[in-house]
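Written below as structure tokens is the structure these notes are about.
Along the sequence shown, the residues carry numbers beginning at 1.
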Amino acid sequence: MLRQRVNAVKADLKSKKTKEGWVLPRAPSSFADPGAWTNIDCDVTPLDRRTWSAYTMFGYWFSDALNAQSWMAPASIIAIGLTWREAVVCIIFGSLVCTVPLVLNGMVGARLHIPYPVAIRASFGWYFSRFAVVTRATTALFWHAIQSYTGSTAMTQCIRAIWPSYLDIPNHIPESIGITTQGMVSHLIFFCVQFPILLIPPHKLKWFFIAKCVLVITTSVATVITMTSKAGGSGEIWSLPYEVHGSARSWLILSSLSSITGGWATMATNIPDFTRYLKTDKGVYWQVLFLPGIQLMLGFFGIICCSASKVVYGEYIWDPLQIASHWDGPSGRAGAFFVGLSWVVAQIGTNLSANVISCANDICCLFPKWINIRRGVILTTFTACWIMQPWKIIHSAQSLLAFMAGLGIFLAPIAALLSADFWIVHKHKYDVPGLYRAHGRYRYNKFGTNWRAVVAFLVSVVPSLPGMAASVNPALTESVGGANKLYYMFYFWGYTSAFIVYSLLSHFFPSPETQIPATIYDDSDVISGEGEGDKDSNSEVPDEKLGGKVETSPV
């Protein structure tokens with residue numbers, strides 16, 4: 001048996017020496033045009049992979065929201081002169097605003113069981129949809145790089161807790177690189193731990209999400225108890241005065257609220273990549289409670305520990321890993337180890353749920369002949385963790401970080417167009433096989449572009465560009481003038497304007513060929529599956545163009 005496996009591996013490696021050896025087998029249930037290519041990761045999710053429930057979604061959001069960045073979210077709000085009250089309000093309402101596109105777009109995946117790169121073709125058109133896919137993939141790459149580097153700092157705490165001399169490793173890397181020898185070792189070790197976990201198929205991840213919930217919450221509560229015990233209370237951050245007043249304070253609140261909302265712009269866009277694995281669509285609605293609740297809990301943990309750190313260490317420390325770095329002695333290092341371990345798991349979980357799988361989905365739908373999710377994960381994580389050099393992004397490119405945050409102005413209209421198209425324009429009735437065909441129902445014209453989406457996208461994005469430029473280069477603030485105020489609410493403007501403009505254009509200038517009386521499924525596995533489709537009728541109408549069925553029974 002072992003010899004057969006070895007021979008199989010050798011034969012596979014030998015085949016990879018030629019270009020044809022890298023071609024993926026075409027999935028037999030594919031809807032693609034004759035001669036075109038797709039694979040199982042691009043196709044409608046088969047029944048045996050629809051394993052997620054509402055509990056899995058709960059674990060998923062814990063996995064996504066429980067990360068070091070969420071813990072430190074109140075920091076940026078308090079640092080600009082507001083108080084913990086505004087931080088809490090911004091976290092709650094910013095998260096609630098995010099749940100609107102999360103639910104609307106999540107239903108696309110839950111009911112049709114298709115990934116985001118396929119679903120977006122209905123509104124953008126066959127070719128223009130690739131722009132939306134590339135935009136989302138680029139964002140995921142950058143955030144995967146940043147989240148992985150944060151994970152490497154957590155790994156440092158785990159190792160130094162066991163071997164304190166680890167921090168004394170001589171540095172042989174020039175300062176201009178932005179990382180030390182010890183930091184590079186931590187990054188390599190974190191990468192080696194994270195990499196095999198990232199290769200787990202998405203439909204098998206529910207137990208990882210649950211394990212992360214237990215570990216991170218337990219450690220977070222323990223950290224809060226430890227810091228309040230050391231400080232003899234929760235500190236004085238609760239009585240900090242306002243540093244800004246009047247209209248300036250109002251604009252700062254709006255800006256902070258939009259920042260919290262924009263931070264989830266990526267997930268609000270490609271949530272179908274995960275809801276496609278749900279057994280039913282009930283788990284989608286629970287996101288309205290899951291995300292704000294988790295964000296608020298972690299935000300409070302951060303505020304309490306930061307306030308206590310001022311009493312214990314003489315300075316406000318928002319980073320839980322930096323707090324743990326002050327813990328010495330046998331008991332202190334034991335605590336630091338578990339804090340480091342929990343945030344290692346937290347960052348891996350966030351990369352899984354928000355970045356790697358999303359980018360891999362995008363790549364495999366762009367190049368289905370060569371890339372599946374597993375290959376996409378490998379390509380994504382090597383690119384983000386090594387080629388993009390995340391230590392340089394963190395160390396010397398604050399303008400790049402501002403630019404990445406500003407990418408929300410591009411993601412907001414994309415999320416809005418997906419929502420408006422599914423719920424308003426096509427009334428949640430899609431031709432699923434047509435989404436997989438280059439000359440199908442959703443091509444729109446010879447350019448494969450829906451002009452209505454182009455207009456709505458430009459109306460949404462263009463007014464926010466001056467403010468984005470000023471955030472990247474503060475020297476432009478004066479020349480931008482009042483346009484900077486619009487950028488303070490870029491997600492509200494971007495999502496709302498794109499949603500309304502696209503809906504109106506599609507109403508007054510409809511595309512009749514895309515309007516169908518009921519959802520079309522052209523695969524026996526899908527038709528026989530269970531889900532939440534239209535339940536008012538069981539009639540079938542033949543569709544000659546697709547050779548399939550118009551079905552109004554559940555997905």
Side chains of S358 and D273 in contact at under 4.5 Å (non-hydrogen atoms): yes
Under 3.5 Å side-chain donor-acceptor pair for T261 and Y495: no
With S129 via side-chain contact (heavy atoms from CB on, under 4.5 Å) - residues at least two apart: I120, R121, F124
Under 3.5 Å: donor-acceptor pair, side chain of T381, backbone of I378: no
Donor-acceptor side-chain pairing of Q147 and T150 below 3.5 angstrom: no
Test item: R130 side-chain N/O and L366 main-chain N/O as donor-acceptor pair under 3.5 Å: no
Aromatic ring proximity, centroids under 6.0 angstrom, F422 and H426: no
Whether R441 side chain and E513 backbone form a donor-acceptor pair below 3.5 Å: yes
Candidate pair E86 and S256, rule side chain to side chain donor-acceptor pair (under 3.5 Å), full reasoning: CA-CA 9 Å; E86 282 76 25; S256 299; over 6 Å; no
Ring-face cation contact, W251 with K485, 6.0 Å cut, 45° max: yes
Rounded distance [0.5 Å steps], CG in N355 versus CD in Q347: 10.0 Å
Check: N270 main-chain N/O paired with N105 side-chain donor or acceptor under 3.5 Å: no
Atom pair CG/CD1 of L379 and I363 - distance to nearest 0.5 Å: 4.5 Å
Donor-acceptor under 3.5 Å (Y491 side chain, I260 main chain): no
Flag for T519-H428: side-chain donor and acceptor within less than 3.5 Å: no
Test item: R136 side-chain N/O and T269 main-chain N/O as donor-acceptor pair under 3.5 Å: no
Criterion ring-ring contact (aromatic ring centres under 6.0 Å, His included) on Y444 and W451, from CA distance to verdict: CA-CA 9 Å; Y444 289 98; W451 67 267; 9.8 Å; no
Test item: S460 side-chain N/O and G494 main-chain N/O as donor-acceptor pair under 3.5 Å: yes
Sequence-distant partners of R85, salt bridge (Lys or Arg N to Asp or Glu O under 4.0 Å), two or more places apart: none
Residues which pass side chain to side chain donor-acceptor pair (under 3.5 Å) with T380, listed by chain and number, not counting sequence neighbours: none
Spacing of OG1 belonging to T275 relative to NE2 belonging to H113, to within rounding of 0.5 Å: 9.0 Å
Residue pair M57 / W286, side-chain heavy-atom distance below 4.5 Å: no
With sequence neighbours excluded, residues passing side chain to side chain donor-acceptor pair (under 3.5 Å) with S497: none
Show me the side-chain donor-acceptor pairs of residues 501-508 shorter than 3.5 Å, one per line, residues at least two apart or across chains.
residue: Y502; atom: OH; partner: D421; partner atom: OD1; Å: 2.6
residue: Y502; atom: OH; partner: N450; partner atom: ND2; Å: 3.2
residue: S503; atom: OG; partner: F499; partner atom: O; Å: 2.8
residue: S506; atom: OG; partner: Y502; partner atom: O; Å: 2.9

Spatial distance of atom OG1 (T56) from atom OH (Y277) [nearest 0.5 Å]: 13.0 Å
Worked verdict on R276 versus T45 for side chain to side chain donor-acceptor pair (under 3.5 Å): CA-CA 7 Å; R276 65 187 291 206; T45 306; 2.8 Å; yes
Minimum side-chain heavy-atom gap V44-L112 below 4.5 Å: no
Separation of L102 CG from W61 CH2 (nearest 0.5 Å): 4.5 Å
Distance in Å, T449 OG1 paired with W126 CH2, rounded so as to fall on 0.5 Å steps: 13.0 Å
Whether Y442 side chain and D431 backbone form a donor-acceptor pair below 3.5 Å: yes
Expected output: side-chain Y488 to main-chain L257 donor-acceptor under 3.5 Å: no
Would you give me the side-chain donor-acceptor pairs under 3.5 Å for residues 91-100, sequence neighbours excluded?
residue: S95; atom: OG; partner: I91; partner atom: O; Å: 2.7
residue: T99; atom: OG1; partner: L96; partner atom: O; Å: 2.5

Lys/Arg-Asp/Glu bridge criterion (N-O < 4.0 Å) met for D281, R111: yes
Residue pair S511 / R452: nearest heavy atoms and the distance that separates them: CB-NH2, 3.8 Å
